Amino acid sequence: MSDLSLELARGKQRGLPWHFKVILVTIVILGAWSGHLIIQEQQLRGQVAKRVHWINTLQNILADLQQNISLATPSQRPPPVFWREMNQRLGDFHRDLGKAKETEALREELENIQQSFGLLQIALVDNSSQSVQSSVGDLYRRLDLFARRINNQLEIQSTELGERWDRLGFLIGTLFLLFISNFFLMLLTLIRDRQLLQVNEDLNRAVRRANSANSAKSRFVANMSHEIRTPMHGIIGTAELLLAMELSKEEREYIEIMKHSGQTLLGLLNDILDFSKIEEGHLLLQDARFELRETVEQVVQQLAIPAQSKSLDLICHIDPTLPKVVFGDSTRFRQVLFNLVGNAIKFTDTGHVLVEAKVVNLETASFYFDLVIRDTGIGIKDKDKAALFVPFSQVDPSNTRRHEGTGLGLSICKYIVLAMGGSIHVQSEFGKGSAFHVTVPLKIVPADTEDKPPLPLTTLILDDNPLRQTALKSQLKTLGQEAVLCPTLEEAINCLAKADKDRLALVFIDQDCADLDLSQWSAALRKAAVGPLTLALVLPMSQPIAQSVVEEKGIDTTVSRPHRQTRLKKLLKSVVRASQEVSESSVEIENRHEGPILIAEDNPINRMVLAKMVSNLGYTVVHAEDGEKAVEAADKEAFKAILMDCQMPKLDGIEATRKIRRQSSVNSKVPIIAVTASAEATERGRCVEAGMNGFLSKPVTTDRLESVLREFLFSS
C-alpha cells in the first residue's frame with residue numbers, strides 16, 4: 001500500500017487524468033441535484049401533513065355540525081354561539097389556507113363550502129327539514145371534492161418526485177459503474193506509470209553513464225591533445241628550422257613532406273578536440289576587443305603561400321567602411337575564416353580564391369559582418385550540398401578521393417557561426433566553383449584614436465587583373481588614397497604625364513603584369529613622371545626578391561600580396577616622409593638586439609627548437625628549465641619579452657607569471673607570452689588573469705612567433 005500511496009502522490013503531482021476530472025464534476029452536479037430533490041421531498045411531506053390536517057379539520061367541523069343538526073328539534077335548535085364557533089373555525093381554516101398560498105381551485109372549493117354552510121344556517125332558521133338535508137348533503141359533497149382535489153395534487157407531485165428519484169438513481173448507478181471502471185483504469189495507469197518511471201530511471205542511468213563516458217572521452221581527448229602537441233612542436237619546429245638552412249632539393253622535399261604531414265595531423269587533432277567540445281556543450285565563445293580588418297588580413301596572409309604554391313591568386317577585398325575595432329571571439333572567428341579559405345584553396349586547382357568582407361546594416365553600436373569566400377574550384381553538386389555541414393560527412397567518401405580530411409571542419413564552422421548568432425550557407429555550381437556566405441552580428445568598439453591618413457598622393461595601380469586591382473584600390477581608399485587603375489603601361493605613362501608635379505607619385509607594379517620587362521617599365525615610368533616618383537613592386541609572398549636585385553631594375557621597394565593594410569600604411573608614410581633609406585625591416589632588425597628574450601620551457605627538445613626560432617629572428621636567448629628559475633632570472637636581468645610554458649615542474653607558468661608581476665622590479669611590465677600545449681579556452685582565461693599578454697599554442701611556427709613578438713615589441 002505504501003507503493004500505491006507513493007504512486008498516487010506522484011499522480012497528484014502530475015495531475016489527475018481527464019476522465020477522473022469529468023467524474024468528479026459529475027459527482028458534484030449529481031450531489032447538488034440530490035440535495036435539491038431531498039429538499040423538494042421534505043417540502044412535499046410538509047404539504048401532505050398540512051393538507052391532511054386541513055381535511056381532518058373540515059371533517060371535524062362537519063361531524064360537529066352533523067351531530068348538532070341531528071340532535072336539533074324545532075324547539076331546540078343549535079344556539080347562536082354554535083354558529084359563531086362554526087364560522088370562527090371556518091374563518092380560521094380559510095386564513096390558514098390563504099397563508100399556505102394554495103391554488104385558486106382550492107380556495108374556490110373552500111368558498112363553496114362556506115356558502116353551503118351559510119345555506120345550512122338559513123335552512124335551519126326556516127325550519128325546513130328538506131332544505132337542511134339538501135344543505136348537509138351538498139356540504140358533504142363539497143368537502144369530499146375538496147379532499148379529492150388535494151389528494152390528486154399530492155399524487156401528481158409524488159409521481160413527479162418519484163420519477164426524479166428514478167432518474168437520479170439511474171445516473172448514480174451509471175456513475176458508480178463509471179467510477180469502478182475508471183478506478184481499474186487508474187490502477188492500470190498507475191501500473192503503466194510505474195513501468196514508465198522504471199524505464200525513465202533506466203534511461204537516466206544510461207544517460208548518466210553516457211555523460212560520464214563523454215566526459216571521460218573529452219578528458220582523454222584534451223589530455224591526448226596536450227601530450228601530442230608537445231612532440232608536434234618539436235617535429236614542426238625542427239622542420240621549419242631545417243627549411244631555413246642550405247639544403248639540397250631532395251632534402252628540402254623530404255622536410256617539406258614532414259612539415260606538411262605534421263600540420264595535417266595537427267589540423268585533425270584540432271578538429272577532433274573541437275568536435276568533442278561541441279558534443280559535450282563546452283565549446284564556449286570568449287568575447288573581447290579585436291581588430292577585424294587586421295584579423296582577416298592575417299588569416300589570408302597565412303594561407304597565401306599554400307595558394308601561391310598551386311599558382312592561385314588569393315585576393316582579399318575588404319569594405320572601406322568596415323569598423324576598425326569590434327567586440328567578439330577573434331579566435332573562433334579566425335578559425336571559421338581559416339577553415340573556409342583553406343577549403344577553397346584545397347579544392348581549387350586553377351584560377352583564384354577571393355575573400356570579400358562587407359558591412360551590412362551598419363548602425364551606431366553594431367552591424368552585420370558579411371564574409372564571402374569565392375573560388376573557381378570543382379564546385380559542389382546539388383545533391384551533395386545537404387551533407388556539407390554534417391559531421392564526418394564528405395562529398396567524396398570513396399577510397400579513391402583526392403582530398404584528405406575528417407569531414408568535421410564545416411560542421412564545426414556552422415556550430416561556431418550559429419553560436420555567434422549568425423548564419424552560413426553555400427552557393428555552388430558543379431565545375432564552376434563555390435561561394436560560402438557567412439553573416440555574423442558584431443558590436444562596434446569606438447577606436448581610442450583615429451589615425452590621420454597621409455598626405456594625398458598620385459597613386460597608380462599597374463595590373464591587368466581586375467580582382468587584384470579592385471582589392472588594392474579598396475585598401476588604399478581606406479587609407480585616404482584615391483588610386484587610378486591602369487591595366488597597361490601606356491595608360492600608366494599617360495597618367496603620370498598629366499599628374500601634378502608638386503605631388504608625390506606612387507606606382508604599384510604587379511610582377512605578373514610586368515613580366516620580364518621590369519627594367520624597361522621602370523625606366524619608362526620615371527621618364528614620364530613630372531615629379532618625385534616611388535615604384536613599388538607587388539610580389540607573391542612565395543616569391544621574394546632580394547632588395548639589391550630590385551634596385552638594379554629601378555624599383556624602390558617591394559610589397560607582398562595579399563596586402564596588409566599596416567604594411568601599406570607604413571609604405572605611404574615612408575613615401576610622404578621621403579625616408580626610403582630606413583625601411584621597416586632594417587628598423588625591426590635594429591630593435592631586435594635591444595634586449596634578450598627569456599624562454600621558460602622544461603622540455604629540452606621544445607626549448608631548443610623555440611630558442612633556435614627566436615635566434616633566427618635576431619634575438620638573444622636566455623634559458624630557464626622551470627618556473628622557479630624563470631622567476632630568479634626575471635629578478636636579475638631585464639628582458640625584452642618572456643616566452644612562458646604553462647605546465648612546468650616545481651612552479652608552473654601561471655604562478656611564475658604572478659610572482660614576476662608582484663615582485664620583479666625590472667620585469668614587472670615585460671610582455672609575457674604563454675606557450676602551451678593546451679587548446680582549452682579556460683587556459684587562455686587563466687593566462688590573462690595571471691598577467692600574461694599573449695598566447696601561443698603548440699606547435700609554434702616561426703611566422704606565428706614573429707607575428708606575436710612584433711605585436712608586443714613594436715606596436716608603438
Side-chain angles (χ1 to χ4, degrees), residues 222-223 225-234 236-237 266 269-270 273 284 286-290 295 298 329-332 334-335 596-603 605-611 613-614 617 619 621-634 639-664 667-715:
N223 291 335
S225 172
H226 181 276
E227 296 302 323
I228 293 174
R229 284 174 185 275
T230 299
M232 288 301 299
H233 171 67
I236 296 178
L266 181 63
L269 181 67
N270 290 334
L273 180 62
L284 304 177
Q286 303 289 332
D287 291 340
R289 294 164 51 113
F290 72 97
T295 300
Q298 283 179 356
D329 192 328
S330 61
T331 302
R332 295 302 175 188
R334 187 191 304 269
Q335 180 179 356
I597 290 180
L598 174 63
I599 298 177
E601 168 66 69
D602 64 306
N603 186 291
I605 296 177
N606 288 340
R607 186 169 62 248
M608 181 271 293
V609 172
L610 199 58
M613 287 181 175
V614 174
L617 293 175
Y619 302 96
V621 178
V622 175
H623 298 275
E625 291 79 10
D626 54 54
E628 288 184 353
K629 292 184 179 180
V631 175
E632 293 174 3
F639 295 102
K640 197 169 183 66
I642 298 176
L643 300 178
M644 183 75 73
D645 185 36
C646 291
Q647 294 189 6
M648 292 185 291
K650 297 183 180 179
L651 191 69
D652 64 20
I654 301 295
E655 193 58 36
T657 299
R658 291 194 178 100
K659 286 193 173 184
I660 293 173
R661 294 301 187 206
R662 286 197 306 264
Q663 64 190 40
S664 177
N667 290 295
S668 60
K669 296 183 178 179
V670 66
I672 300 179
I673 300 166
V675 182
T676 176
S678 175
E680 298 292 329
T682 54
E683 184 75 8
R684 185 184 296 268
R686 292 176 62 237
C687 294
V688 174
E689 182 185 1
M692 295 184 178
N693 305 93
F695 193 90
L696 277 172
S697 295
K698 293 179 182 178
V700 179
T701 63
T702 303
D703 292 340
R704 181 64 182 143
L705 177 62
E706 183 180 17
S707 175
V708 171
L709 290 177
R710 182 186 293 115
E711 178 183 357
F712 291 103
L713 300 185
F714 308 119
S715 58

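In this text, all values refer to a predicted model and were calculated from it rather than measured experimentally.
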Inter-residue atom distance [X].[atom1] - [Y].[atom2], 0.5 Å rounding:
{"X": "N603", "Y": "M608", "atom1": "CG", "atom2": "CE", "answer": "10.0 Å"}
{"X": "R662", "Y": "T657", "atom1": "CZ", "atom2": "OG1", "answer": "10.5 Å"}
{"X": "I673", "Y": "I642", "atom1": "CD1", "atom2": "CD1", "answer": "10.0 Å"}

If I compare all heavy atoms of [X] with all of [Y], which pair ends up nearest, and what's the gap?
{"X": "G237", "Y": "M613", "value": "CA-CE, 3.3 Å"}
{"X": "D645", "Y": "E601", "value": "OD2-OE2, 3.5 Å"}
{"X": "A641", "Y": "L709", "value": "CB-CD2, 4.5 Å"}
{"X": "A624", "Y": "K629", "value": "CB-C, 4.0 Å"}
{"X": "R607", "Y": "D602", "value": "NH1-O, 3.5 Å"}
{"X": "C646", "Y": "T676", "value": "SG-CB, 3.8 Å"}

Could you check if a side-chain atom of [X] sits within less than 4.5 angstrom of a side-chain atom of [Y], using non-hydrogen atoms only?
{"X": "D626", "Y": "L651", "result": "no"}
{"X": "V700", "Y": "L610", "result": "yes"}
{"X": "L643", "Y": "I597", "result": "yes"}

### Query
Do R658 side-chain atoms and A690 backbone N/O form a donor-acceptor pair below 3.5 Å?
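Not a single qualifying donor-acceptor pair exists.
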### Query
Do any N or O atoms from the side chain of N693 and from the backbone of I672 form a donor-acceptor pair under 3.5 angstrom?
yes
### Message
Out of the candidates Q647, E689, R686, M644, only one should pair with I654 under the side chain to side chain contact (heavy atoms under 4.5 Å, CB included) rule; please name it.
### Response
R686
